[in-house]
Amino acid sequence: MLWSQTFIPTLRDDPADAVIDSHKLMLRAGFIRQLTAGIYNYLPLMQCVIHKIERIVREEMNAAGAIEITMPVLHPAELWQKSGRWDVVGKEQMRMKDRHQRDLVLGGTHEEVITWIVRGELRSYRQLPKNFYQIQTKFRDEPRPRFGLMRGREFIMKDAYTFDATWDGLKNAYNKMAEAYFKIFRRIGFDVRMVESDVGAMGGTGAHEFMVPVETSGGENVILSCERCDYAANIEKATSLSLADEGARPEEPRQKEMVFTPGMKTVEEVTGFLRVGPEKLVKTLLYEVDGEVVAALIRGDREINEVKLKNYMRANELVMAAADVVMRVTGAQVGFAGPIGLSRVRIIADPEVKRMRNFVVGANRDDTHIINVNTVDFTVDEYAEIRQAQAGEICPRCNQGRLQSYSGIEVGNLFMLGTKYSDALGANFIDSDGVEKPFVMGSYGIGITRTAQAAVEAFHDEKGIIWPKAIAPYDFHIVPIEITDRRQREVAFALYEELQERGYAVLMDDREERPGVKFNDADLIGIPVRISFGDRSLKDGQVEIVKRRGKEMVKIPVEKAVDKAIEIFGQL
RNA sequence: CGGGGCGUGGCGCAGCCUGGUAGCGCACUUGCUUUGGGAGCAAGGUGUCGGAGGUUCAAAUCCUCUCGCCCCGACCA
């Protein structure tokens with residue numbers, strides 16, 4: 001491709017609206033342009049990258065026995081009402097009415113549709129297992145789109161769905177997909193990690209995510225992994241063995257006592273005022289869970305894991321109680337809630353609270369706390385693990401290693417759905433024993449466009465993008481310094497044509513621009529191997545070959561340039 | 001949904017507080033010079049100042065409403 005023929009609108013200045021490096025670079029390098037919040041145009045270079053990612057995905061999916069189809073973007077509301085997700089997915093689901101006033105949704109995922117397809121068509125266990133996939137634009141009305149393609153509202157996704165007769169079959173299919181995902185992401189060049197994750201609104205019995213670890217601010221997820229064994233989980237899901245209160249023998253319970261704590265609302269304020277550590281306080285957090293007010297109790301220095309709480313409650317919606325609700329329930333301002341005398345409210349406590357002695361709680365009265373409280377002083381309805389695991393705690397799997405945390409970008413996910421959708425939509429088959437049973441399903445996603453941005457986030461420097469060769473928009477970038485010079489022009493086109501004849505994708509910068517402009521643009525767009533030359537090098541019959549990653553440059557006679565460039569490319 | 005910020009030429013921004021008829025850099029066009037890491041000189045084109053309403057002799061500037069975009073939060077009582 002000739003630069004003059006294509007469309008690569010590079011920007012000299014950082015775009016004002018971008019924050020993280022990958023977003024800035026994709027805009028600056030002319031890969032994407034935003035149309036409206038969370039919705040982007042994919043320009044020619046991006047299109048090349050998308051095609052390359054899609055190709056890898058297709059190859060590995062096909063190799064894993066999956067079959068490609070395309071499902072509609074618009075779905076009738078009834079399908080989602082039947083599965084029960086009409087109410088669960090709620091706001092993220094774009095909805096509209098057609099001219100007949102029928103409700104439609106823009107599909108953010110396709111469990112319902114694929115189940116509808118299979119229902120009645122796959123009738124026998126002999127036709128199983130099956131794995132269908134598609135690569136398609138998806139739409140989810142994210143509450144807050146951000147960071148470019150990282151959390152857009154419209155994005156390209158590969159989604160696959162498996163149908164098995166048994167749970168063992170599902171596990172097999174699941175493992176096969178996991179293997180395929182490792183192949184896909186390793187081919188792209190990622191140091192990808194598979195971590196346990198929450199099932200979220202998808203439902204089902206288990207889930208994993210494929211994460212690309214990043215050191216920049218571009219990671220959206222926090223991952224905890226064991227330094228000794230292979231345990232790794234999204235922090236939303238991660239558990240840990242809380243460090244035993246080492247050496248501390250239980251205190252004798254003391255008599256509880258009200259204390260005046262004027263204006264002391266936060267854990268820091270209260271514990272600072274009372275001169276105790278935050279681990280001596282029990283936070284009482286009030287939530288509205290599907291309309292019911294619930295009090296969650298947790299040690300002062302811990303974080304609540306709302307996902308765990310929500311899952312424990314089997315709730316659809318969980319939000320912090322509003323100030324007026326807190327006032328109504330506790331009779332006090334926000335900041336002074338406590339479990340003692342909190343009637344009519346379900347109290348759920350983290351098990352850690354059970355081991356605490358003589359702790360501080362709010363008194364449900366303004367400017368008042370109670371000290372030397374013990375669990376005998378109030379009633380806990382249920383104990384449930386609702387605390388967030390933290391780095392430094394003990395691994396729940398091997399009981400030995402410490403957990404460490406890092407941030408990652410989710411590029412793929414796997415869900416063991418089980419029979420949630422087949423049950424809801426009545427998708428059954430006749431098993432070998434003659435009994436009608438629901439399909440055991442799995443679903444598996446890869447964010448194609450997000451994967452592209454994750455690559456930029458993972459592979460760039462201060463000058464621009466450094467595409468891994470598997471998904472680079474072009475393999476070679478030819479940069480003649482002065483295209484109007486006859487000799488340079490001849491050499492440029494000779495190299496351009498020969499590389500293409502040998503099966504490579506080549507971009508040639510045939511613009512009449514200053515060398516600096518071309519070199520800077522070359523660094524920006526990040527094609528793996530650059531071949532450049534001007535009068536100076538051609539005088540000696542040589543061209544320069546430079547890898548985008550790293551600095552080393554080789555000079556090579558023109559006649560050997562193609563072979564050498566291909567050799568260098570092959571070593572990447 | 002809550003809080004904050006920003007909408008001025010294609011892009012990045014100044015001007016707004018203190019109202020007086022719109023400016024800078026980049027980009028673009030033409031010419032000359034230059035030519036190995038974002039050139040120089042000269043000439044030139046480019047704006048419903050997000051939109052609507054209001055105040056005023058006069059509004060980019062003040063007021064009201066509205067639309068859009070970005071950031072933080074949506075959790076730590």
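Not measured: the values here are computed from a predicted model.
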In whole Å, I'd like the distance from the CD atom of Glu306(A) to the P atom of G73(B). 14 Å
Using atom names, set out every protein N or O paired with an N or O of nucleotides 43-48 of chain B below 3.5 Å, distance rounded to 0.1 Å.
none

Determine whether the aromatic ring centres of residues Phe476(A) and Phe569(A) are separated by less than 6.0 angstrom. yes
Checking Arg140(A) against Met94(A) for the side-chain contact (heavy atoms from CB on, under 4.5 Å) test, could you report, in this order, the C-alpha distance in whole Å, the side-chain angles of both residues, the deciding distance, and whether it holds? CA-CA 7 Å; Arg140(A) 292 181 191 168; Met94(A) 279 295 270; over 6 Å; no
Using a cut-off of under 3.5 Å, enumerate the N/O to N/O pairs linking the protein to nucleotides 4-12 of chain B.
none

Got a list of protein N/O to nucleotides 27-36 of chain B N/O distances below 3.5 Å?
| residue | atom | partner | partner atom | Å |
| --- | --- | --- | --- | --- |
| A27(B) | OP1 | Arg12(A) | NH2 | 3.3 |
| U34(B) | O2 | Arg514(A) | NH1 | 2.9 |
| G36(B) | O2' | Arg536(A) | NH1 | 3.1 |
| G36(B) | O2' | Arg536(A) | NH2 | 2.7 |
| G36(B) | O6 | Gly534(A) | N | 2.7 |
| G36(B) | O6 | Gly534(A) | O | 3.3 |
| G36(B) | O6 | Ser537(A) | N | 2.8 |
| G36(B) | O6 | Ser537(A) | OG | 2.4 |
| G36(B) | N1 | Glu544(A) | OE1 | 3.1 |
| G36(B) | N1 | Glu544(A) | OE2 | 2.9 |
| G36(B) | N2 | Glu544(A) | OE1 | 2.1 |
| G36(B) | N2 | Glu544(A) | OE2 | 3.3 |

Phosphate oxygens OP1/OP2 of C69(B): is one of them under 4.0 Å from a side-chain N or O of Thr36(A)? yes
For atom CG of Leu35(A) and atom P of C70(B), their distance in whole Å: 12 Å
What residues, two or more places apart in sequence or in another chain, satisfy side chain to side chain donor-acceptor pair (under 3.5 Å) together with Asp17(A)? none
Identify, with sequence neighbours excluded, every residue that meets salt bridge (Lys or Arg N to Asp or Glu O under 4.0 Å) alongside Lys555(A). none
Rounded interatomic separation in angstrom, taking CZ from Arg511(A) and P from G38(B): 14 Å
Once salt bridge (Lys or Arg N to Asp or Glu O under 4.0 Å) is applied, do any residues pair with Glu498(A), and if so which ones, sequence neighbours excluded? Arg502(A)
Who pairs with G7(B) - Watson-Crick or G-U, where each distance is under 3.5 Å: C67(B)
Here the distance between atom P of C70(B) and atom CD1 of Ile39(A), to the nearest Å, is 10 Å
Please report the distance, rounded to the nearest Å, between CD in Glu236(A) and P in A74(B). 13 Å
Rounding to an integer number of Å, can you tell me how far His23(A) NE2 sits from C71(B) C1'? 13 Å
Is Arg95(A) positioned over the aromatic face of Trp86(A), cation under 6.0 angstrom from the ring centre and no more than 45 degrees off axis? yes
Please find the pair of heavy atoms, one from Ile340(A) and one from Ile370(A), that lie closest to each other, and give the distance. CD1-CD1, 4.0 Å
Please state how far atom CD in Gln34(A) lies from atom C1' in C70(B), giving the value in whole angstrom units. 9 Å
Strand partner of G36(B), provided both Watson-Crick or wobble distances fall under 3.5 Å: none
For A77(B), does OP1 or OP2 lie under 4.0 Å from any side-chain N or O of Lys283(A)? yes
Run through Phe359(A), Phe260(A), Phe273(A), Phe336(A) and flag the one making a ring-ring contact (aromatic ring centres under 6.0 Å, His included) with His369(A). Phe336(A)
